[in-house]
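What you see below is based on every heavy atom in this structure, not just the backbone, and it leaves out hydrogens, waters and symmetry mates. Below, chains carry the letters A, B, ... as their sequence lines are ordered, and counting in each starts from 1.
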Amino acid sequence: MNTQKTLYLAGATSDMALAIGREFAGQGWNLILGGRDPQALEPIRTDLEIRHNIQAKTVLCDVAQPEKTIAALEAIHPAPQGMVCAIGYLGDQKKAEHHWEEAAIILHTNFNGCVALLNAFANQLELNRNGFIIGISSVAGDRGRQSNYIYGAAKAGFTAYLSGLRSRLAKKNVHVMTVKPGFVYTRMTEAMKLPAIVTATPEQVAKDVFAAYQKGKDVIYTRWFWRWIMLIIRSIPEKLFKKLSL
Amino acid sequence: MTASWGLYPSITTTPTYFSSESELKAQLAAAPHAIPRGLGRSYGDSSLGEAMLCTTRYNRFLAFDTQNGHLTCESGVSLAEMLDVIVPAGWFLPVTPGTKFVTLGGAIASDIHGKNHHIDGAFSNFVTQFNLMTANGQVLTCSRTENAELFWATLGGMGLTGVILQATLQLKKIETAYIRQRTLKVPNLAAMMDALETLAKVTYTVAWIDCLSRGDALGRGLIYAGEHATREELPPQLQATPLTLPAKSKINIPLFFPKFALNTLSVKAFNALYYGKVRAKDSTAIISYEPFFYPLDAVLNWNRIYGRTGFLQYQFVLPPETSKAGLTDILTRITEHGAASFLAVLKLFGPGTDQFLSFPKAGYTLALDFPIRDGIFEFLEVLDARVAHYGGRIYLTKDARMKRETLSLGYENLSTFATLRAQIDPTHHFESLQSQRLGL
Ligand SMILES: Cc1cc2nc3c(=O)[nH]c(=O)nc-3n(C[C@H](O)[C@H](O)[C@H](O)COP(=O)(O)OP(=O)(O)OC[C@H]3O[C@@H](n4cnc5c(N)ncnc54)[C@H](O)[C@@H]3O)c2cc1C
Ligand SMILES: NC(=O)c1ccc[n+]([C@@H]2O[C@H](COP(=O)([O-])OP(=O)(O)OC[C@H]3O[C@@H](n4cnc5c(N)ncnc54)[C@H](OP(=O)(O)O)[C@@H]3O)[C@@H](O)[C@H]2O)c1
């Protein structure tokens, strides 16, 4: 067992992040839980320690405060070997169309903030010439749709960022994996009515992510069929696409 | 649609889930009437209501002291999840029901009992403290010394005093994950009761009764008696890893069985098979804790074999003085009526806590299933009258249909419970379909 290895979960209060964390913990990885609310993180921490017989610590991770978040990351010793970045904010598309503030939070949380955090971590890994980054982007970044294109734009940016980062770090023995989930039952989608046949549980996503990590995949869709759904959605001519109400 | 294990009654509302105290507080404030709900393994309407506050996402382990066996969890953690954690560390549940798919909160709220009630008492004996969110959103710590009245009222209180948030249990030390099981084949009720009393020093005992047999064979069945096996008692190949968890294999019943699947004949065949399968009069074996405590859990959703209309479970306890006469009377009526029961389980109880609504008290308890058919409700009212006649009471967590009069004949502490509730929850913010029906 790799009892020495440590994984940093950015957005540890996310059900998806937590499920992925459990896959790693099941293999003996220790966890660093990055989040904004220490009170919310504490029961998650004890739970992981007790169920998986590992060590877990909490650390401040709020991308609205990038300096503090980066300082806290750099203060972790020994440094974690891997990071899962599950930070995300769906926001309110309609509100964001009329209030720049909402749009800014969506863009900052899903893009700028994640870039700030991953830049800092990537530099650490590059120095050590070892490690990995798993970035949770979204199928929403594959094509802008009227219902959530501000979020989608930020995720598209994040996908492009991860792709560039992958090619930079590939030469340094550091692996970057992009995860594009379709619909997943989590707190983010709680209020939405999702079509059951194409919606995954966080546990299913976590199994896909962990298996892909072990195989060293670059980009995955989860569940797998989203690759084909998105292929179709991307291939609809713009002339037609703009008339649809997706 | 929401229903509990008996699939009757069912309602169209669905539960809401919370994962923090603040989310619960908001949900509680938003509903004029609400009831906590765990895994819905109660059989009837105990955890059904206008609004249901489901704990299954409030399920984190908070502290586990592997030295002294103190375990603290959020109330939505299931006993199944606990076993996965505690058994490998050499600990076991101090009291466990016949399924591991119940939550910690549900176990406290029903003050559940296990096969060791005659030795160890009910779940309440091992609950050292808990936090409770009451109707006004306040969180109170309850133990034998702090808010003691509320502590006892909540044990068996069926969710009517508030939502149990976190609770601490005293676990039981074990050397192995195995049980030394003795199986006895017993020809009739009198022999059954004698045997259970002879075995009263054995930690776990339970009897399975074939309630289709009549006359001289009335009450024939099997007794399963068990002790936690010591390491030396294990076969050599198991001694190196005595605390390994049993493998998880599940059979799912995906479809509802059609009605005819469960006519008297098929139950008869099943019962004869089960009773007949055991050839020896008295045999001993070392088996995993899983088949000993949770034989039915291997078949997920077995409740569906009764069909969509569901079934009623009927569990009562009779005091020692009237047990023999009462059980003979009631079993005779059941066989005559032919209201086939798939399962009939007989246990000997030790003394109860005598507190508020906690069900167990000294005597014999019998639990039966009745598929819902014409005439079953009337028949159970006849049984209610017999139970009352013999000084017994009916288990609330299994009930979906009893009348107020039956309840008040069986539970002596109803008025003290009502007084306490009037103090902490005068508007009956916490209310289930059951508490409405029974005027609890
Ligand atoms: C196959 C089977 C075998 C069983 N064997 C036994 C047995 O041997 N002995 C025994 O005693 N019972 C037995 N039971 C009954 C079961 O143990 C109880 O009904 C138990 O309460 C179910 O727990 P739950 O989490 O499913 O709760 P639910 O069924 O959801 O709720 C049960 C009650 O607990 C309350 N409740 C739930 N969570 C909380 C909370 N957090 N705070 C406050 N109140 C709460 C609810 O309001 C409700 O009144 C058995 C049930 C089945 C299906
Ligand atoms: N659910 C889906 O259908 C779906 C589909 C595709 C992609 N995704 C992506 O999957 C990832 C996980 O999301 P989820 O579905 O599990 O939803 P979630 O529970 O809402 O997770 C979002 C996470 O981001 C954190 N976060 C938000 N703002 C932050 C900030 N300023 N600084 C640091 N952390 C912040 C949240 O923390 P708090 O608890 O403190 O708010 C939470 O941990 C996200 O990247 C999401 O975009 C989800």
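Proximity to chain B (any heavy atom under 4.5 Å) is restricted, for A/Glu190, to the side chain, taken from C-beta onward. Within the 4.5 angstrom heavy-atom criterion, no atom of B/Asp84 approaches chain A. The contact between A/Asp15 and chain B is made entirely by side chain atoms (from C-beta outward), counting heavy-atom distances below 4.5 Å.
Between chain B and the options A/Ile44, A/Leu48, A/Asn53, A/Thr46, the largest number of non-hydrogen pairs under 4.5 Å is found for A/Thr46. Among B/Arg60, B/Gln166, B/Glu21, the residue making the largest number of heavy-atom pairs under 4.5 Å with chain A is B/Arg60.
The backbone N or O of B/Asn68 lies less than 3.5 Å from a partner atom in the side chain of B/Asp65, making a donor-acceptor pair. Under the 3.5 Å distance criterion, the side-chain polar atoms of B/Asn131 are left unmatched by any main-chain donor or acceptor of B/Ala167. Looking at A/Thr189, its side chain does come within 3.5 Å of a backbone N or O of A/Val184 through a donor-acceptor pair.
Taking every heavy atom of both residues into account, A/Glu97 and A/Ile150 meet most closely at N-CD1, 4.4 Å.
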(request) Report the C-alpha distance between A/Tyr221 and A/Trp226 in whole Å, list the side-chain angles of each, state the deciding distance to 0.1 Å, and finish with yes or no for ring-ring contact (aromatic ring centres under 6.0 Å, His included). (result) CA-CA 6 Å; A/Tyr221 286 83; A/Trp226 280 94; 8.6 Å; no
